[in-house]
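Before any comments, here is the structure.
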Amino acid sequence: MSWLQQPQRFYIPYSVFNISSLQAISLGYNNLFGSLSSHIFDYLPRLYYLNLEFCQLSGRVPMSLFKCRELNFLFLDNNYLEGIVPIEISNLTSLKYISIERNYLSGKIPSVVGNLTFLEEFELSENNLTGQIPSSLCNLGSLKVLFLYKNSLDGEIPECTGNMSSLSHIDLEKNNFHGKIPENFVRGCSLHSFRISSNRVQGSLPRSLGNCKELKLLDVGNNYLNDTFPNWLGNLDQLQVLILRSNRFYGEVVSTGLTVCFTRLRLVDISHNNFSGYLPVKFFENLHAIREGNEKKEKPEYMTDGSAVGVWNYAIGLSFTFKGSEFEFYELLTIWTAIDFSSNRFYGEIPKTLGELHSLIVLNLSHNCLTGPIPSSLGDISELESLDLSSNKLHGRIPIELNNLRFLAVLNLSTNNLTGTIPQGKQFDTFANDSYIGNSGLCGLPLSKSCNNDEGTPAKFDRDDDGLNWKFSILMGYGCGLVLGLSTEYIVFATGRPLWFIRFYERVRQRLAKKVKKRSS
């Protein structure tokens, strides 16, 4: 890369830090060069707000910073700062917000943070911190946000976190916490999100989480939890995201005797557990947030919350199996929907009612013991982009109706007992052999096994030569005789084969719908 392509870097404007009357410094999102000198904050006694996030700062946090006793807001995240969190931080008794995320801080969280009694947000995620969460954090009666994810912290999650009614967001994922989840979440609990995935937590989900009526996101995946399906969470009518994957949950998934049953749930991942029994029809019927469809919005909306420092996203870094691969979402759109029941021990047939989940984007039922045919109703899930039914015991033909899924990018039907001709046209022309391997009874493209005459002809969809084929069949009918021709024409129309006409009609209908929508908006 030439010097012309290098991003321009700026030296820290030290002269600014000599203005003793300054109350706010905001130099974030710049390419500031070098480290902060040890005396840079010596002459800023009235500093109230400091934002140096997303710069290129290195070195240690200057000790002179802790002379700024009126500091309320401190943002040093996304830099290259190293060293420990100094105990002198306790001098900043007016601090409300502190964020030093995504740096290279090491050592333990000092217990003196418990002296910061006005603290509302404490964010030290994505560093190299070790040790336990100090119990003194329980003294912070105003704390709303506790983000310590992606460190090397250990010990148990402090029991007092359940008693802190002010807490709105807890994210402790990707650490080494063990023991149990606190069991004393109080009535009036303010939690909106609770994330402890990728730790070593054991035991069961505490029923007291049912007191957190505002809970929207619960992620306890990749732990050692041993419990039945938490039907009682169905009473939380704000719950949108439920992730239980890769634990030791067991038993059937039922939802009876509840006044509210996951009506706003739009993303559920219970994969890689020991759930069994039939797929829960009632559970799927209650997913109204997915059944009723998503209104198209002019601007995308994410799972966010607001504070005195603006709107921020609390669902960052959630990972799912999407389109056949593990994918981590930096932000999570409110219209994103998924059901992942894979790698369990479910048996029986796939419920037809799944076809009523019209806004569903991802459906993964792979690696179970499901039997019966693939329901043709799955072709009604108009927004579906990824469908994985692999490694089951499904039989019968692949429903032609699946060709209605115009957004389907990934299809995996491998390792089943499917038979017959693979449908052709539309999305089916994009799928490779891997989508069908392990089904000895399937034939037709893209497989090398051709179909016998009795297998039937693969259905064609949305092909340019549909009109010609139809007209040619009619001409052939007239060539063989008027009666035969009329019969052929009747059969063609009765079976819906004049797709050039259907295609033309559908386009006209869609254009008219768009015009009506524009006039009414």
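For this chain, numbers begin at 1 and follow the sequence in order.
The closest side-chain heavy-atom distance from T228 to F249 is not below 4.5 Å. Side-chain atoms of L279 and N368, non-hydrogen and from C-beta on, never get closer than 4.5 Å to each other. Between V145 and E123, the closest side-chain pair of non-hydrogen atoms falls below 4.5 Å. Counting heavy atoms from C-beta outward, N412 and D434 have side chains that stay 4.5 Å or more apart. Residues D340 and R245 form no side-chain contact, since every pair of their non-hydrogen atoms from C-beta on lies 4.5 Å or further apart. Between I422 and I398 there is a side-chain heavy-atom pair separated by less than 4.5 Å. Contact of the T161 side chain with the I133 side chain is not registered, since no non-hydrogen atoms from C-beta on lie closer than 4.5 Å. No side-chain heavy atom of V362 sits under 4.5 Å from any side-chain heavy atom of E385.
At least one donor-acceptor pair closer than 3.5 Å links the side chain of S190 to the backbone N or O of S165. A donor-acceptor pair under 3.5 Å is absent between the side-chain atoms of S152 and the main chain of N128, judged by distance alone. Of the possible polar contacts, none joining the N439 side chain to the G441 backbone as a donor-acceptor pair under 3.5 Å is found. Between the side chain of N30 and the main chain of G28, a donor-acceptor pair closer than 3.5 Å is present. Side-chain atoms of D77 do not come within 3.5 Å of backbone N or O of E53 as any donor-acceptor pair. Panel note: side chain T334, backbone E301; a donor-acceptor pair is recorded below 3.5 Å. Side chain of D269 to backbone of I243: no donor-acceptor contact under 3.5 angstrom is found. N392 places a side-chain N or O within 3.5 Å of a backbone atom of L365 that can act as its donor or acceptor partner. Side-chain atoms of T337 come within 3.5 Å of backbone atoms of S359 as a donor-acceptor pair (strictly under, hydrogens ignored). Using modelled atom types, one side-chain atom of N273 and one backbone atom of S271 make a donor-acceptor pair closer than 3.5 Å.
Residue R248 comes nearest to N274 through the heavy atom pair CA-ND2, 4.4 Å, listed as atom of the first residue, atom of the second, then distance. In terms of heavy-atom proximity, L225 sits nearest to N247 at N-OD1, 2.9 Å. Shortest non-hydrogen contact noted between D388 and S390 is OD1-OG, 2.7 Å. The two residues E252 and G277 make their nearest non-hydrogen contact at CG-CA, 4.2 Å. Of all non-hydrogen atoms in P375 and P351, the two that sit nearest each other are CG-O, 4.3 Å. Here the closest non-hydrogen pair linking V281 and T353 is CG1-CG2, 3.9 Å.
The aromatic rings of F73 and F75 sit parallel, their planes meeting at an angle under 30°, below the 60° perpendicular limit.
The ring-ring contact (aromatic ring centres under 6.0 Å, His included) search around Y278 returns Y347, not counting sequence neighbours. The ring-ring contact (aromatic ring centres under 6.0 Å, His included) check on Y224 picks up nothing, with sequence neighbours excluded. Not counting sequence neighbours, the partners of R207 by the salt bridge (charged side-chain N to carboxylate O under 4.0 Å, His left out) test are D227. Applying the ring-ring contact (aromatic ring centres under 6.0 Å, His included) test to H192 and every residue at least two apart in sequence or in another chain returns H169.
Expressed to the nearest 0.5 Å, how far CD1 of I170 lies from CG of D219 amounts to 13.0 Å. Here the CG atom belonging to L402 is positioned 9.5 Å from the OG atom belonging to S377, to the nearest 0.5 angstrom. Interatomic distance, OH of Y97 versus NZ of K144, reported as 5.5 Å (0.5 Å rounding). Rounded to the nearest 0.5 Å, atoms CZ (R266) and CG (L242) are 12.5 Å apart. Atom CG of L408 is separated from atom OG of S386 by 7.5 Å, given to the nearest 0.5 angstrom. A distance of 7.0 Å separates CG in L209 from SG in C189, rounded to the nearest 0.5 Å.
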Pair L370-L389, side chain to side chain contact (heavy atoms under 4.5 Å, CB included): steps then yes or no:
CA-CA 9 Å; L370 300 175; L389 305 178; 5.8 Å; no
Side chain to side chain contact (heavy atoms under 4.5 Å, CB included) assessment of C443 paired with T421
CA-CA 5 Å; C443 62; T421 304; 4.0 Å; yes
Apply the test side chain to side chain contact (heavy atoms under 4.5 Å, CB included) to residues F229 and F275: give CA-CA distance (whole Å), side-chain angles for both, the deciding distance (0.1 Å), then the verdict.
CA-CA 8 Å; F229 184 80; F275 289 115; 3.7 Å; yes
For N417 and K393: C-alpha separation, side-chain torsions, deciding distance, then whether side chain to side chain contact (heavy atoms under 4.5 Å, CB included) applies.
CA-CA 6 Å; N417 300 314; K393 299 177 182 179; 4.2 Å; yes
If you apply the rule ring-ring contact (aromatic ring centres under 6.0 Å, His included), what do you find for F262 with F283, and how did you get there?
CA-CA 8 Å; F262 302 103; F283 177 86; 5.4 Å; yes
Donor-acceptor list for residues 198-206 side chains, cut-off 3.5 Å, not counting sequence neighbours:
unit_1, atom_1, unit_2, atom_2, d
N199, OD1, N175, N, 3.2
N199, OD1, N176, N, 3.2
N199, OD1, F177, N, 3.0
N199, ND2, L172, O, 3.1
N199, ND2, I196, O, 3.0
N199, ND2, S197, O, 3.2
R200, NH2, N176, O, 3.3

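Under the salt bridge (charged side-chain N to carboxylate O under 4.0 Å, His left out) criterion, the residue pairs touching residues 170-182 are D171-R195, E173-R195, K174-E328, with sequence neighbours excluded.
Side-chain polar atoms of E101 and S125 form a donor-acceptor pair below 3.5 angstrom.
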